[in-house]
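What follows is a set of notes on a single structure, which appears directly below.
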Amino acid sequence: MLKKYTQIDWGKALLMLIPPLLRKPKQAAWIKTLAKPLSSLYDDTLYKMQHNGQVMYLEKVLNDLFNPCVKYAYSDSIKTKMDLGYIVIEDAYRPRVQYLYTHDEIYIKGNDPIVVANNEESLDGQTSNRNFLYLSGASDFSSTEFYNFRILIPSHLLISYEKYQDVLLCLQNELQNENITQRQQVEQVQELNDFLVISDEPLTNHPDSIKIVTPKFHKVVNFYKLAGKSYETRKYDVSIDKVPLETIRSNKERSPQLKNYMYIK
């Protein structure tokens with residue numbers, strides 16, 4: 001009944017509550033069907049409790065959901081994870097805030113005053129041995145958007161919004177022409193939704209910048225990341241043929257998947 005202390009087989013647990021004379025195959029199948037919603041909710045809740053906004057856990061969640069063809073294993077090297085075709089998280093450059101003080105405040109603290117100068121301006125006849133501090137105006141910061149971390153996504157997981165619409169239209173035409181059944185259409189649409197749809201307009205001016213329009217992706221990231229932290233998304237190219245075989249996840253070994261209704265209302 002208990003594979004581990006945190007994993008409960010609800011079908012067997014409820015079957016043990018039935019008198020032995022009534023434990024028939026049909027009765028067991030009926031109990032298992034009734035326990036399916038409870039079992040799914042339990043697995044999803046347990047999965048969410050076992051993961052948080054740390055890099056290794058957030059990377060694992062994103063790879064489980066949107067990159068199921070690889071088996072995620074944490075590594076400190078970003079290059080190693082990119083070579084394996086993972087969805088990778090790295091720190092983004094964000095300028096630090098430095099405060100300027102008056103002379104009285106500087107002298108009270110006992111530190112040397114901060115010198116602010118242009119590139120060619122001479123201060124006491126010295127220009128080469130000074131560490132100059134450049135100031136940015138409000139317009140500079142309003143026109144530039146900085147992020148706390150960056151999500152790197154393999155390009156083979158991305159499809160354009162135009163292609164996404166074309167595939168949906170094609171499936172609708174196939175259904176109308178009775179070339180596929182309603183069930184086959186639903187299955188193919190669900191498979192299509194596993195891809196990350198990107199907009200034609202990039203998020204930033206970087207050549208690898210992408211803007212993901214899949215709501216599920218942003219809802220998952222916003223659920224786990226720390227409040228107030230911002231992120232951007234970029235793509236990178238990786239050859240699937242070069243991915244080691246040990247990273248490919250078999251059909252029998254699937255991590256618990258987060259359900260759509262847990263994030264999309």
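Quick caveat: nothing in here was measured; it's all calculated off a predicted structure.
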Taking the side chain as everything from C-beta on, heavy atoms only, tell me whether [X] gets closer than 4.5 Å to [Y].
| X | Y | value |
| --- | --- | --- |
| Pro154 | Ile87 | yes |
| Val213 | Tyr161 | yes |
| Leu65 | Phe217 | no |
| Leu62 | Asn67 | no |

Rounded at 0.5 Å granularity, tell me how far [atom1] in [X] sits from [atom2] in [Y].
| X | Y | atom1 | atom2 | answer |
| --- | --- | --- | --- | --- |
| Ile198 | Lys163 | CD1 | NZ | 10.5 Å |
| Asp208 | Leu203 | CG | CG | 13.0 Å |
| Ile212 | Thr233 | CD1 | OG1 | 4.5 Å |
| Trp30 | Leu14 | CH2 | CG | 10.5 Å |
| Lys60 | Gln50 | NZ | CD | 8.0 Å |
| Gln188 | Ile180 | CD | CD1 | 5.0 Å |

Item to complete: Begin with the C-alpha distance, continue with both residues' side-chain angles, and end with the deciding distance and a verdict on side-chain contact (heavy atoms from CB on, under 4.5 Å) for Tyr47 and Val61.
Response: CA-CA 9 Å; Tyr47 186 91; Val61 170; 3.9 Å; yes
Which atom pair, heavy atoms only, marks the closest approach of [X] to [Y]?
| X | Y | value |
| --- | --- | --- |
| Ile18 | Gln27 | CD1-CG, 4.2 Å |
| Phe195 | His156 | CE2-O, 4.0 Å |
| Ile8 | Ala13 | CG2-CB, 4.4 Å |

Practice prompt. Start with the C-alpha gap between Leu58 and Ile89, add the side-chain angles, then the distance that decides, and say whether side-chain contact (heavy atoms from CB on, under 4.5 Å) holds.
Written response: CA-CA 8 Å; Leu58 184 54; Ile89 297 177; 3.5 Å; yes
Under 4.5 Å between side-chain heavy atoms, hopping through other hydrophobics if needed: is there a path connecting [X] to [Y]?
| X | Y | answer |
| --- | --- | --- |
| Leu15 | Leu22 | yes |
| Tyr224 | Met49 | no |
| Leu169 | Val167 | no |

For [X], look at atom [atom1] and say whether over 12 heavy atoms of other residues, nucleotides or ligands are found less than 6.0 Å away.
| X | atom1 | value |
| --- | --- | --- |
| Glu178 | CD | no |
| Glu162 | CD | no |
| Asn205 | CG | no |
| Lys211 | NZ | no |
| Lys81 | NZ | yes |

Fill in: Val186 and Gln182: CA distance, side-chain angles, deciding distance, side-chain contact (heavy atoms from CB on, under 4.5 Å) verdict
CA-CA 6 Å; Val186 172; Gln182 182 74 32; 4.1 Å; yes
Discussion item. With a 6.0 Å cut-off on the ring centroids, do Tyr147 and Tyr231 count as close?
Written reply: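 No, ring centres 6.0 Å or more apart.
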Worksheet item: Does the distance from a Lys or Arg side-chain N to an Asp or Glu carboxylate O, for Glu90 and Arg150, drop under 4.0 Å?
Response: yes
Worksheet item: Does the salt bridge (charged side-chain N to carboxylate O under 4.0 Å, His left out) test come out yes or no for Lys79 and Asp83, once each step is laid out?
Response: CA-CA 6 Å; Lys79 183 179 182 304; Asp83 292 339; 3.1 Å; yes
Discussion item. Hydrogens and angles aside, do Glu59 and Tyr74 bring a side-chain donor and acceptor to less than 3.5 Å of each other?
Written reply: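 Short answer, no.
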Item to complete: For the residue pair Gln172 and Gln185, confirm or rule out a side-chain donor-acceptor distance under 3.5 Å.
Response: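 The criterion, which ignores hydrogens and geometry beyond distance, is satisfied for Gln185 and Gln172.
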Item to complete: Go through the steps for Trp10 and Lys36 under the test side-chain contact (heavy atoms from CB on, under 4.5 Å), then give the verdict.
Response: CA-CA 8 Å; Trp10 290 98; Lys36 185 62 177 178; over 6 Å; no
Would the distance check show the side chain of [X] and the main-chain N or O of [Y] forming a donor-acceptor pair, the cut-off being under 3.5 Å?
| X | Y | answer |
| --- | --- | --- |
| Tyr86 | Thr80 | no |
| Asn52 | Gln54 | yes |
| Arg23 | Met16 | yes |

